[in-house]
Structures are given as C-alpha cells and as structure tokens.
Amino acid sequence: MQITGKTKIVGVIGDPIEHSRSPQMHNAAFAELGLNYVYVPFHISPGALPAAIEGFKAINVVGLNVTIPHKQAVIPFLDEISRDAELFGAVNTLTFQNGQIKGDNTDGLGFLEGMRETGFELTRGESALVIGAGGSARAVIVALTSIGLETIFVANRTTSKAIKLAEDLSDAIGTSIHGIGLDDPQLADIVDSVALVVNTASVGMDISRPPLIHTEWLRPQTAVYDIVYTPPETRLLLEAAERGCHTIQGLGMLVHQGAIAFEKWTKTAPPVKTMKQVLQQSLH
Ligand code: ATR
C-alpha cells in the first residue's frame, strides 16, 4: 500500500481495539481494487469520544466502524440515523459527508447476506428461534422480521430479558415475537417447529461447553446459524451438522457487515471473496 497526498482515511473506533481484524480485511480489499484508501484502528477511550469525533471531522475522515464501548455512545453526535440503527439502538458504521455524520448499522443486512450466500432462504410465514437476548440478538431479530416471518421466539438464560426484548420489538415492528427462558419445557417443541435456529450468545466460543439447546431436538430440515465466529465451526454447528442440518457460520455475517460499510464509503462493490479469505487466515 502506498500512502499519497490523495489517500482517504477510514477506520474503526473502539476500546480495546487491538483484537480487531477489520483493518486487515478492508486494507486487503482496497489493495485488490487499487483504491487509494487506508483503514486504521483508533483506540478511543469513552471519555475521549467527543474530542475524537471533532477530530475525525476536522481531518476529513470518510467513514468509521464503531465497536464496543461506543455503539450507543456515538448516537448523540449523529446528524442522521438509519432505521436499522434506530431499531437496534446501536450504530456500527459512520459516514462523514460535508461536515455531517450519518450513523448506520450493517449487522442486520450482514446477517441476512451471510445466510443467503450459503444457499439458505427463509420464506414468509416460517418461524425462527433466536438464542440470547443481548445487542446481537436484537439486530438478528430485526433482520428476521424484514423477511416476514410468522413468529420469532427468543430464548435466554435470563427469561426476563427475553420477554422484555420480545415486547420491545413486537411493539416497534408488529411481528409476533415471544420471549422464553432456556429452561422452558416448551423449548423442545419450539426447536422442533422452527425453520431456523440462531445462536447469538457468546458462550458458543467455548467448545468444551455444551450448546444452550439440546441438539437432539433438531430436525434435519432445520437450519442452524451461529453468529459466533471464533471458532468458525462452533460446537453447536458441529452437532447440528451431525444431525444433518444445514449449518451457517458467523464468519459470513462478519464479512458482509464489513462489506456493506465498505460499499457505503467507497461507492464501489466490495471484493467479498478476498475479504473472507483474509478473515479466515487471521482466525487460524
Ligand atoms: P451482545 O450484545 O454481543 O449480544 P451480551 O449483551 O453480552 O452480548 O449478551 C450475551 C448473551 O449471551 C445474553 O443473552 C446472555 O444471557 P443472559 O442475558 O442471561 O446473561 C447470553 N449468555 C452469556 N453467557 C451465557 C451462559 N453461560 N449461559 C447462557 N447464556 C449466556
């Protein structure tokens, strides 16, 4: 990569930021397309956020990804917010233009694209089960409602959080969403009835721990998506594959949420294949 007087700056803000794989993914994409951009990780502590935003405006940064702990904290600095970001209550992408900042959230579309690229399509009237009730579950549920599903179930260790999330989103969107506990006796029947099961709980990272649902409940016709991508093949996915289920790794969502941001900033179609290869290499 050659930095010149015309190089445009994009990047990611977070605290910590050292673990981020986005710089490798985006810089490889710029190199492949010969775009004169550089993607830089910025370690911004919570107290430094207001000054950092002013600074980014002053130096004409083109766009930023936003990660923990700033996904909600950046909202007051925006001039415009997308509907997805508003519904998720979190922003992961900023675009700077003419001194104005637009906030977006590409996780939902990234989730759907990650699913479609494996050849799996959900159709209107089907149902899905989402495990976990944190910020990622919220984004996944909002994305799923855009397909026109009949019912979405949210199952969580802390039942009250599942019920609250389901109520919040049912009110905002109008789809039928039900929150239950992971220990609810109905869970076996729900797993048996849905077309898709999605895990959003970070506990999937630990391969020595059993998945949060009993995988014997899965039918081979059910697709299983784990948005956890370290390891790429989680224990839930391994067990689901053994039962003959179509499985979807979280890596696709990670690539696509980045690719959608890339396109917003550069107005150029992203080289998704290269971006995925770079991420795969960085995870091994
Ligand atoms: P994010 O915003 O990335 O989704 P989060 O808000 O920390 O992350 O949510 C993590 C989810 O994983 C929660 O639904 C959490 O369940 P609780 O609400 O009961 O805490 C779930 N989770 C984390 N560790 C878990 C565990 N050991 N067993 C079951 N669920 C777990």
Side-chain angles (χ1 to χ4, degrees), residues 12-17 19-22 46 65-75 84-93 103-112 114-115 128-145 152-169 177-188 190-191 196-215 217 224-232 234-237 239-240 248-254 256-258:
V12 54
I13 58 170
D15 181 15
I17 202 63
H19 64 280
S20 174
R21 294 173 174 97
S22 296
N65 283 133
V66 182
T67 187
I68 291 165
H70 304 307
K71 287 184 165 198
Q72 283 98 34
V74 292
I75 294 176
D84 268 6
E86 205 162 12
L87 281 171
F88 300 174
V91 164
N92 79 341
T93 303
D104 211 329
N105 197 315
T106 63
D107 281 340
L109 283 178
F111 168 81
L112 293 178
M115 183 167 80
L129 165 68
V130 177
I131 302 164
S136 319
R138 178 178 277 265
V140 165
I141 294 166
V142 172
L144 287 173
T145 60
I152 298 172
F153 300 95
V154 194
N156 194 44
R157 175 179 58 183
T158 311
T159 310
S160 56
K161 273 174 70 182
I163 292 174
K164 168 118 185 28
L165 181 60
E167 282 175 359
D168 276 4
L169 292 177
I177 307 170
H178 299 286
I180 61 164
L182 278 171
D183 54 0
D184 192 305
Q186 290 182 63
L187 192 57
I190 292 172
V191 172
L196 174 71
V197 172
V198 186
N199 176 58
T200 70
S202 47
V203 64
M205 285 178 166
D206 188 348
I207 201 110
S208 68
R209 298 175 73 158
L212 294 177
I213 54 157
H214 294 289
T215 46
W217 295 338
V224 179
Y225 194 158
D226 200 334
I227 71 162
V228 170
Y229 54 86
T230 44
T234 60
R235 181 155 162 193
L236 171 65
L237 293 184
E239 291 188 14
I248 307 168
Q249 297 183 1
L251 201 69
M253 174 175 174
L254 181 66
H256 285 287
Q257 61 77 31

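As the structure lists them, so they are numbered: ligands from 1, and atoms in each ligand from 1.
Side-chain N or O atoms of D107 include none that pairs as donor or acceptor with a backbone N or O of A139 at under 3.5 Å.
Between the OG1 atom of T159 and the CG atom of D184 there is a distance of 7.5 Å, given to the nearest 0.5 Å.
Not a single protein heavy atom sits closer than 4.0 Å to atom 8 (O) of ligand 1. For atom 27 (N) of ligand 1, the nearest protein heavy atom is under 4.0 Å away.
Within ligand 1, counting atoms from 1 as listed, the ones closer than 4.0 Å to a heavy atom of G132 are 14 (O). Close approach of ligand 1 to G134 (heavy-atom distance below 4.0 Å) involves ligand atoms 2 (O), 4 (O), 6 (O), 9 (O), 14 (O). Residue L212 has at least one heavy-atom neighbour below 4.0 Å for each of these atoms of ligand 1: 28 (N), 29 (C), 30 (N). For ligand 1 and N156, the ligand atoms under 4.0 Å from any heavy atom of the residue are 13 (C), 14 (O), 15 (C), 16 (O), 17 (P), 18 (O), 19 (O). Those atoms of ligand 1 with a heavy atom of S136 less than 4.0 angstrom away are 1 (P), 2 (O), 3 (O), 4 (O).
Scanning the protein for heavy atoms near atom 10 (C) of ligand 1, the closest one is S202 OG, 4.5 Å. Summary of contacts: the protein heavy atom closest to atom 19 (O) of ligand 1 is T158 OG1, 2.5 Å. The nearest protein atom to atom 24 (N) of ligand 1, hydrogens excluded, is given as R157 NH2, 3.8 Å; this is a heavy-atom distance. In terms of protein heavy-atom proximity, atom 2 (O) of ligand 1 is nearest to G135 N, 2.9 Å.
With 3.5 Å as the limit, one finds a donor-acceptor pair spanning the side chains of D226 and T234. Under 3.5 Å, the side chains of T106 and N92 contain a donor-acceptor pair of N or O atoms.
The shortest non-hydrogen separation linking V74 to I13 is CG1-CD1, 4.2 Å. Contact detail for V224 and A240: the closest heavy-atom pair is CG2-CB, 3.7 Å.
Here the side chains of V228 and N199 are in contact, with some heavy-atom distance below 4.5 Å.
Between R157 and D183, none of the side-chain N atoms (NZ, or NE/NH1/NH2) sits under 4.0 Å from a carboxylate O, so this pair counts as no salt bridge.
Annotation: L182 places no N or O atom under 3.5 Å from an N or O atom of ligand 1; distance criterion only. At a 3.5 angstrom cut-off on N or O pairs, A201 does not count as close to ligand 1.
The shortest heavy-atom distance from R138 to ligand 1 is not under 4.0 Å.
The environment of I68 atom CD1 is sparse: at most 12 non-hydrogen atoms of other residues, nucleotides or ligands sit within 6.0 angstrom.
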